Amino acid sequence: MKPSFYDRPVVEVARDLIGCVVRHEAAAGVIVEAEAYHDSEPACHAFVGLTARTATLFGPPGRAYVYRSYGIHALLNAVCEREGVGAAVLIRALEPVEGIELMRRRRGMEGVESLCSGPGKLTQALGIGLGHNGTDLARGPIVVSARPPAWREVPVAVDRRIGITKAVELPWRFSAAGSRFLSRPVRVAVV
DNA sequence: CATGGGATTGACT
DNA sequence: GTCAATCCCATGC
């Protein structure tokens with residue numbers, strides 16, 4: 001997707017990313033779950049302002065923000081809104097579509113449903129690491145591209161974000177309604 | 001300079 | 001359901 005796609009309110013981008021494809025080398029999947037984060041609310045890393053850690057978030061839209069979570073996992077985000085605003089969409093789950101054997105080897109499991117059903121799982125399955133922080137999502141090596149025809153009109157469910165302790169009430173989690181590949185079930189409404 | 005806390009996962013009771 | 005693993009970085013002394 002072009003940078004202009006990401007240079008919009010982060011909640012809109014999160015919703016519109018459902019159904020888009022993430023590829024890294026020989027592995028690819030359709031985004032079935034994503035969450036929005038914005039520097040105006042305390043669950044966002046950028047809430048603390050511009051620091052070494054958040055520099056990518058405040059940078060130009062359309063880049064990858066990759067950080068280490070719980071000392072173990074790498075989590076992938078797409079930086080949104082204009083430079084100077086700290087906002088990003090966390091990619092939380094993919095439906096695997098290509099390189100499934102490679103994903104199985106990297107994850108050490110068989111079931112397709114568990115290969116990319118979580119933000120730390122999908123980076124492991126796709127071979128994404130901290131070295132990808134700041135890279136361009138239009139140029140690669142991680143590439144996000146438009147919805148395939150079958151995903152053009154996918155119904156999107158809305159829910160509260162997962163795994164956070166602040167601003168838990170915001171309905172900023174989006175997912176492909178009824179998908180078997182989510183990190184956790186949806187509790188609320190469908191748009 | 002020391003410390004505390006995660007946008008998680010997988011193993012275990 | 002509970003819990004440990006593990007490390008970067010923001011904060012506070």
Side-chain angles (χ1 to χ4, degrees), chain A residues 6 9-15 17-18 22 27 29 31-59 61 63-81 85-96 103-135 137 142 144 157-176 179-188:
Chain A
Y6 302 96
V10 66
V11 176
E12 285 182 26
V13 180
R15 183 195 59 210
L17 276 173
I18 302 301
V22 179
I31 299 172
V32 292
E33 183 180 339
E35 290 176 352
Y37 288 86
H38 190 272
D39 62 23
S40 61
E41 46 90 14
C44 182
H45 292 168
F47 186 69
V48 297
L50 180 60
T51 64
R53 184 193 199 193
T54 62
T56 307
L57 281 170
F58 285 98
R63 306 286 181 85
Y65 168 53
V66 184
Y67 73 96
R68 188 175 295 297
S69 173
Y70 290 91
I72 303 172
H73 309 285
L75 269 56
L76 171 66
N77 298 251
V79 176
C80 294
E81 309 209 7
V85 176
V89 173
L90 170 68
I91 311 301
R92 286 194 56 92
L94 306 177
E95 176 172 332
M103 292 183 185
R104 284 191 170 117
R105 252 177 286 143
R106 284 170 169 159
R107 296 266 304 123
M109 0 184 79
E110 288 299 311
V112 188
E113 292 88 349
S114 3
L115 294 178
C116 300
S117 58
K121 298 179 183 180
L122 70 91
T123 55
Q124 185 185 14
L126 266 62
I128 293 171
L130 300 188
H132 293 105
N133 187 42
T135 58
L137 292 174
I142 305 167
V144 176
V158 187
D159 199 353
R160 308 206 292 199
R161 296 177 295 182
I162 293 174
I164 55 174
T165 57
K166 302 166 214 163
V168 294
E169 72 287 351
L170 294 175
W172 285 5
R173 177 189 180 218
F174 299 91
S175 59
S179 172
R180 303 151 39 220
F181 300 90
L182 304 184
S183 65
R184 310 191 56 162
V186 169
R187 300 184 312 187
V188 200

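As the structure is a prediction and not an experimental result, all values here were calculated from the model. Quick note on labels: first sequence line is chain A, next is B, and so on, each numbered from 1.
For A:S69 and B:dG6, the shortest distance from a side-chain N or O to OP1 or OP2 is not below 4.0 Å. Residue A:R92 places at least one side-chain N or O under 4.0 Å from the OP1 or OP2 atom of B:dT8. Distances shorter than 4.0 Å separate none of the side-chain N or O atoms of A:K166 from OP1 or OP2 on B:dA7.
We find that CG of A:L122 is positioned 12 Å from C1' of B:dT8, with the value rounded to whole Å. The CZ atom of A:F47 sits 15 Å away from the C1' atom of B:dA7 (whole-angstrom rounding). Spacing between atom NE2 of A:H73 and atom P of C:dA4 amounts to 15 Å, rounded to whole angstrom units. Spacing between atom CG of A:L76 and atom C1' of B:dT8 amounts to 15 Å, rounded to whole angstrom units. Look at CG on A:L115: it is 14 Å from C1' on B:dT9, rounded to the nearest Å. Atom OH in A:Y67 sits roughly 13 Å away from atom P in C:dA10 (whole-Å rounding). Rounding to whole angstrom units, CG of residue A:D39 and P of C:dA10 are separated by 15 Å. In this structure, the NE2 atom of A:H38 is 16 Å from the C1' atom of B:dA7, given to the nearest Å.
Residues A:H38 and A:S40 approach most closely at ND1-OG, 2.7 Å, considering heavy atoms.
Two residues, A:I72 and A:L130, neighbour DNA chain C, and the one matched to the more 5' nucleotide by heavy-atom proximity is A:I72. Between A:Y37 and A:Q124, the one whose closest nucleotide on DNA chain B sits nearer the 5' end is A:Y37. Residues A:G71 and A:T51 each lie close to DNA chain C; by heavy-atom proximity, the contact nearer the 5' end of the strand is made by A:G71.
If you check B:dA7, C:dA10, B:dT8 against the side chain of A:C44, the one that comes closest is B:dA7. For A:I164, counting side-chain heavy atoms from C-beta on, the closest listed nucleotide (B:dT9, B:dA7, B:dG6) is B:dA7. Ranking C:dA10, C:dA5, B:dG10 by closeness to the A:R53 side chain, first place goes to C:dA10. Comparing B:dT9, B:dG6, C:dC7 by their nearest atom to the side chain of A:R68 picks out C:dC7. Among the nucleotides B:dA7, C:dC7, B:dG10, the one closest to any side-chain atom of A:K121 is B:dG10. Out of C:dT6, B:dA7, B:dG10, the shortest distance to the side chain of A:R107 is found at B:dG10.
The stacking criteria are not both satisfied for A:Y70 over the base of C:dA5, which would need a centre-to-centre distance under 5.5 angstrom and an angle between ring planes under 30 degrees.
Summarising the base pairing, B:dG10 is matched to C:dC3 through a Watson-Crick or G-U wobble pair whose two defining distances lie under 3.5 Å. Searching all strands for a Watson-Crick or G-U wobble partner of C:dT11 with both distances below 3.5 Å returns B:dA2.
No donor-acceptor pair closer than 3.5 Å links the side chain of A:T54 to the backbone N or O of A:H45. The backbone N or O of A:V32 lies less than 3.5 Å from no partner atom in the side chain of A:S179, so there is not a single donor-acceptor pair. Remark: side-chain polar atoms of A:R160 are not paired, donor with acceptor, to backbone N or O of A:E169 under 3.5 angstrom.
Comparing the same atom, P, in C:dT11 and in B:dA7 gives a spacing of 14 Å after rounding to whole Å. B:dG5 and C:dC13 have their P atoms separated by 14 Å, with the value rounded to a whole Å.
With a 4.5 Å cut-off on side-chain heavy atoms, A:L90 and A:R161 do not count as touching. Contact check for A:V112 versus A:F181: side-chain heavy atoms found under the 4.5 Å cut-off.
Backbone-only engagement by A:L75 is indicated by non-hydrogen atom pairs under 4.0 Å involving sugar-phosphate atoms exclusively.
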